[in-house]
Amino acid sequence: MTKQLITSALPYVNGLPHLGHMVGCLLPADVFARYLRAKGDDVLYICGTDEHGTVSEVGAAKENMPVESYCQKYHDQHVKMYQGFNLSFDYFGRTSSDQNKEITYRIFKALDKNDLIEERTTKQVYSPDDGRYLPDSYVMGTCPYCGYDKAKGDQCENCTKVLDPTDLINPRSVLSGSSNIEIRETKHLFLRLPKLEDELNQWIETKKGIWPDIAYSIAKKWLKEGLKERGITRDLKWGFAVPRPGFENKVFYVWFDAPIGYIGITKQWSDEKPTERHWEDWWLKPDEVHYTEFMGKDNIPFHTISFPATLKGTGENWKTVDFLKGMNYLNFAGGKFSKSAHRGIFLDDAIAEFPADYWRYWLIANAPESDDTNFSFDHFAAVVNKDLNDVLGNFINRVLKMTEKNFGAVVPPMGQPTTNEMELYQTLDTLITDYRKYMDGLEFRKAMATLREIWVAGNNYIAKTEPWKVVKENKDYAGTILATALNLIRLFGHISAPVMPESAEKMLAIIGEKLPFRFPTEPMKIYLTGIESGRAFAPCEPLFAKIAPERLEELKIKYKETEA
RNA sequence: CGCAGGGUAGAGCAGUCCGGUAGCUUGCCAGGCUCAUAACCUGGAGGUCGCGUGGUUCAAAUCCCGCCCCUGCAACCA
C-alpha cells in the first residue's frame, strides 16, 4: 500500500475564501485524495490556515480583538466553509500551533548549525503613529517616475515600475495615513540560499519531465538568475519569537513557518492519537512516501525553491515534494473576485445557492490547468443542466422508472451477455483505463471529460438496446439490459465519488450500497454483473435539478456578474 | 525592460514535445426515438489555428525568427 502525502497550499486566515481558492489548491487536492483512498492507498491529506504576518496583526487591530482570537474566529469560518464543500482533510490545522513552533525551531536550529543563517542590518520603514514597522506595500506615496499619487512602496501600479519605499515622494502609511514615517536600522536573520544552490539545482534536475513544465521552468529560472539570501524574520509581535539573543522582539517571517506548517500540522494530527499516528513516518522516511503538493501559480517559487531549500539545508532526511500541481486563476466574469466590492462568489454563498457537488463538478471539469478560467453563471448553468441533470440524472431516472414498471423495484435476473453487452464492456474498460490515467496524472479536465463520456456510454447502451421495445417480445433479455443498467448506476456512483461525494452516496444508496467506495479494478465483464438479481432498489427523486432561466438572471444580478 | 503561461468555430477547450486530411463539449439547424426530467440517440452547418500573405520543408496549429494582445511573477503582501 502506497503512502500518499497530499497538501494544499495553506489559505491565509484573514481572507474570506471564494471559488478561486477552492479550485486553486483545495478542491483538486481533495478529489485526488478521495480518488487515491478509493484505490486503496494510505492517504494523509493535510491543510490548515496560515495565520502569522502583518495582515493578521493589522486585521485584528481593526476589529479591536486580540490577534489570537481574531485568528481563531477566522480559522473556524474556514473550517465551516470547507466542511460545506465536503473537503476530506485528514487534518485541518493552524500554522500558529505549538507543534508548528516546535518543528520551526527544530529546523531553524539545524539550519543555524549548518552555518546557513546570517545576521544582517537592514533599513526598514517605521511608523511611530502606527507603532510598527511597515512592509513596503504598506507605504504609499507619489511615484517618482509617473507622478501617480497612490504608488505603493514595492511597485507603482500605474507604471509598473519596481520601487523602494524610499523612492516615493510624500510617503505615508497605508494604515494610518500618517506621513510621519522614518527609516530605522534593524537586525534580521537571512537564510543563505546561495550556499544551497548547487544541491537544489541537482535536485530540480531529477524532476525534469516529472514535474509539470511550469513548475520545472519556474524553479530553473530562479536558479539560473542566482539565489539571494532571504530574510526569514520580521519586526512583528504576532508569530514565533526568534530563539536567538538580540532577537527577542522579532518573529519568524510568515513564509518561513507557513510551509513548515505542513509538517507542524501533521504533528497536530499525530499528537491527537500518539500511539497510532506518527508524523515522522510521513516526513522523515522519504523513500516510503509519495508527496503531492497543490497550489496556485503564484506559490510555485516558494514550493520549488524556498521550502525545499529550508528542508535540505538542515542536512536531515526530510521528505520533499515529488509532484506539484500548480493551478492558474479563476476569474469572475472577466474580472477579479473582490472582497471589498463583494463581487464574485464566496464559499458560504455558493453553498447556500447550490449543493456542493454542482460546484465541485463545474470547478474540476473547468479547472484552470493551462490558463486562467472565467466563471460565469451561464456556463455554470449550462454544465449543471446538461452534464449532471440531463446526461447523468436522467439516465438514472429512466432506468429506475423502466425497471420498476416492468419488473418491480428489484434487480431483474441477468442472462448471458449479447454483443450489445460485450461492446459496452469493451467501451467502458477503455474509458475507465483513460479515466484512471488522467486522475493518476492529475489531469482534471480530461478526467472529467472522460467521466462524462462514461455516463454518455450508459445512454448510448439504452438507446441501442431499446429495452422499452424488447420488453414486449423478449422479457428475459429486457431484464438483462435493465440489470446491466442498474449495475451502471453502481459504476457511476463508484467512479464519480471523488468529485461528487454526496451524489455518489445517493446513487449507491439507490442500489443498497454504502461507504466506503472502492474504485473498480476488475474488468467490466465481471464488475457489471456484480449486483445479485432480486436485490431491492429504492426509486429516488431526481438527483439533480436544472437551473431555470429566471433563476439564472436573478443570480447574475445578485452576484453583480452583469456589472463586471 | 526581464521571466513564465495563454491567444485554435458564437462560447469553453484538446491537439503543438515527436510536422502529414483541424478534433471534443456546449450552443444552433435537421432527423430518429418515445423508457425517461421538453430528456436521450444520430447527422449537419460553423475555423485563412493572434499577426508578419516572414523563414525551413514535398508538407507547418505544430519547428525557427520578429511583432501584437491577455494573465501572472519579479525575492519585505501572503
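Chain letters run A, B, ... following the sequence lines, proteins first, then strands; residues in each count from 1. Values below: all heavy atoms of this structure, side chains included; hydrogens, waters and symmetry mates excluded.
Between A/Asp257 atom CG and B/A78 atom P the separation is 11 Å, expressed in whole Å. The CG atom of A/Asn366 sits 14 Å away from the C1' atom of B/C24 (whole-angstrom rounding). The distance between atom CD of A/Glu369 and atom C1' of B/G12, rounded to the nearest whole Å, is 14 Å. What separates NE2 of A/His303 from P of B/G72 is a distance of 20 Å, to the nearest Å. Between A/Leu324 atom CG and B/A4 atom C1' the separation is 15 Å, expressed in whole Å. Counting to the nearest Å, the C1' atom of B/C35 and the CZ atom of A/Phe407 are 12 Å from each other. Whole-Å rounding puts the A/Glu453 CD to B/C13 P distance at 19 Å. Look at OH on A/Tyr461: it is 14 Å from C1' on B/C35, rounded to the nearest Å.
Among the atoms of the strands shown, base atoms are found under 4.0 Å from some heavy atom of A/Gly393. Within 4.0 Å (heavy atoms only), A/Arg445 reaches sugar-phosphate atoms of the nucleic acid but no base atom. Within the nucleic acid shown, A/Val456 comes within 4.0 Å of sugar-phosphate atoms alone, with no base atom in reach, counting heavy atoms only. Among the atoms of the strands shown, only primed sugar atoms or phosphate atoms (P, OP1, OP2) are found under 4.0 Å from some heavy atom of A/Asp390. Residue-level contact check: A/Gly226 touches the bases, meaning some heavy atom is under 4.0 Å from a base atom. Across all strands, A/Phe395 comes closer than 4.0 Å to no nucleic acid atom at all (heavy-atom distances).
Comparing the C1' positions of B/G15 and B/G47 gives an interatomic distance of 14 Å, to the nearest angstrom. Comparing the C1' positions of B/G72 and B/C28 gives an interatomic distance of 36 Å, to the nearest angstrom. Using C1' as the reference atom, B/A22 and B/A4 are 28 Å apart when rounded to the nearest Å. For B/A9 and B/A14, the P atoms lie 13 Å apart once the distance is rounded to whole Å. Going from the P atom of B/U48 to that of B/A38 covers 38 Å, rounded to whole Å. Nucleotides B/C3 and B/C67 place their P atoms 11 Å apart, quoted to the nearest Å. Distance check on atom P: B/U71 versus B/G52 gives 24 Å, rounded to whole Å. Between B/C76 and B/C1, the distance separating the two C1' atoms is 23 Å to the nearest Å.
In terms of phosphate contacts, A/Arg230 brings no side-chain nitrogen or oxygen within less than 4.0 Å of OP1 or OP2 of B/A75. Look at A/Asn460 and you'll find a side-chain N or O under 4.0 angstrom from OP1 or OP2 of B/U42. For B/U37, the OP1/OP2 oxygens have a side-chain nitrogen or oxygen of A/Lys401 closer than 4.0 Å. Note on A/Tyr253: a side-chain N or O is less than 4.0 Å away from OP1 or OP2 of B/A78. Between A/Thr54 and B/A78 there is a side-chain N or O to OP1 or OP2 distance below 4.0 Å.
Annotation: side chain of A/Phe108 is not in contact with side chain of A/Leu116 (no heavy-atom distance under 4.5 Å).
The salt bridge (charged side-chain N to carboxylate O under 4.0 Å, His left out) check on A/Glu205 picks up A/Lys220, with sequence neighbours excluded.
A/Asn389 contributes a side-chain N or O that forms a donor-acceptor pair with the base of B/U37 under 3.5 Å. Contact of A/Glu466 with B/C35 (side chain to base): no donor-acceptor pair of N or O atoms is detected under 3.5 Å.
The side chain of A/Val55 approaches B/C77 more closely than any other nucleotide in the set B/U37, B/C77, B/A75.
Base pairing of B/C51 is made with B/G66, judged by Watson-Crick or G-U wobble geometry with both donor-acceptor distances under 3.5 Å. Pair assignment for B/A11: B/U25, on the basis of Watson-Crick or G-U wobble contacts that are both within less than 3.5 Å. For B/U56, there is no paired base (Watson-Crick or G-U wobble, both distances below 3.5 Å). Across every strand in view, B/A30 sits in a pair with B/U42 that passes the Watson-Crick or G-U test at under 3.5 angstrom. Shown here, B/C73 forms a base pair with B/G2; the pair counts as Watson-Crick or G-U wobble because both key distances fall under 3.5 Å.
In this model, no donor atom of one side chain and acceptor atom of the other lie less than 3.5 Å apart for A/Arg230 and A/Thr310. Side-chain contact annotation: A/Thr418 with A/Glu421, donor-acceptor N/O pair under 3.5 Å present. For the residue pair A/Tyr138 / A/Asp130, no side-chain donor-acceptor distance below 3.5 Å is found, with atom types taken as modelled.
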Per-nucleotide protein contact along nucleotides 25-30 of chain B, 5' to 3', at a 4.0 Å heavy-atom cut-off (B base, S sugar-phosphate only, - neither), is SS----
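Along RNA chain B, the nucleotide closest to A/Trp255 and the one closest to A/Phe544 are compared, and the more 5′ of them pairs with A/Phe544.
The aromatic rings of A/Phe444 and A/Phe294 are tilted relative to each other, their planes meeting at an angle between 30° and 60°.
If you look at A/Phe395 and A/Trp455, their ring centroids are not closer than 6.0 Å. Taking the six-membered ring for Trp and the full ring otherwise, the centers of A/His75 and A/Phe92 sit less than 6.0 Å from each other. Here A/Phe380 and A/Trp359 bring their ring centres to under 6.0 angstrom of each other. The aromatic ring centres of A/His78 and A/Tyr82 sit less than 6.0 Å apart.
Residues A/Val139 and A/Pro171 come closest through the heavy atom pair CG1-CB, 4.0 Å.
In summary, of the residues considered (A/Lys250, A/Gln124, A/Arg120), a side-chain hydrogen bond (donor to acceptor under 3.5 Å, both in side chains) with A/Thr186 occurs for A/Lys250 alone.
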Sub-3.5 Å pairs of nitrogen or oxygen atoms, protein against nucleotides 6-8 of chain B:
from : atom 1 : to       : atom 2 : distance (Å)
B/G6 : O2'    : A/Asp371 : OD2    : 2.5

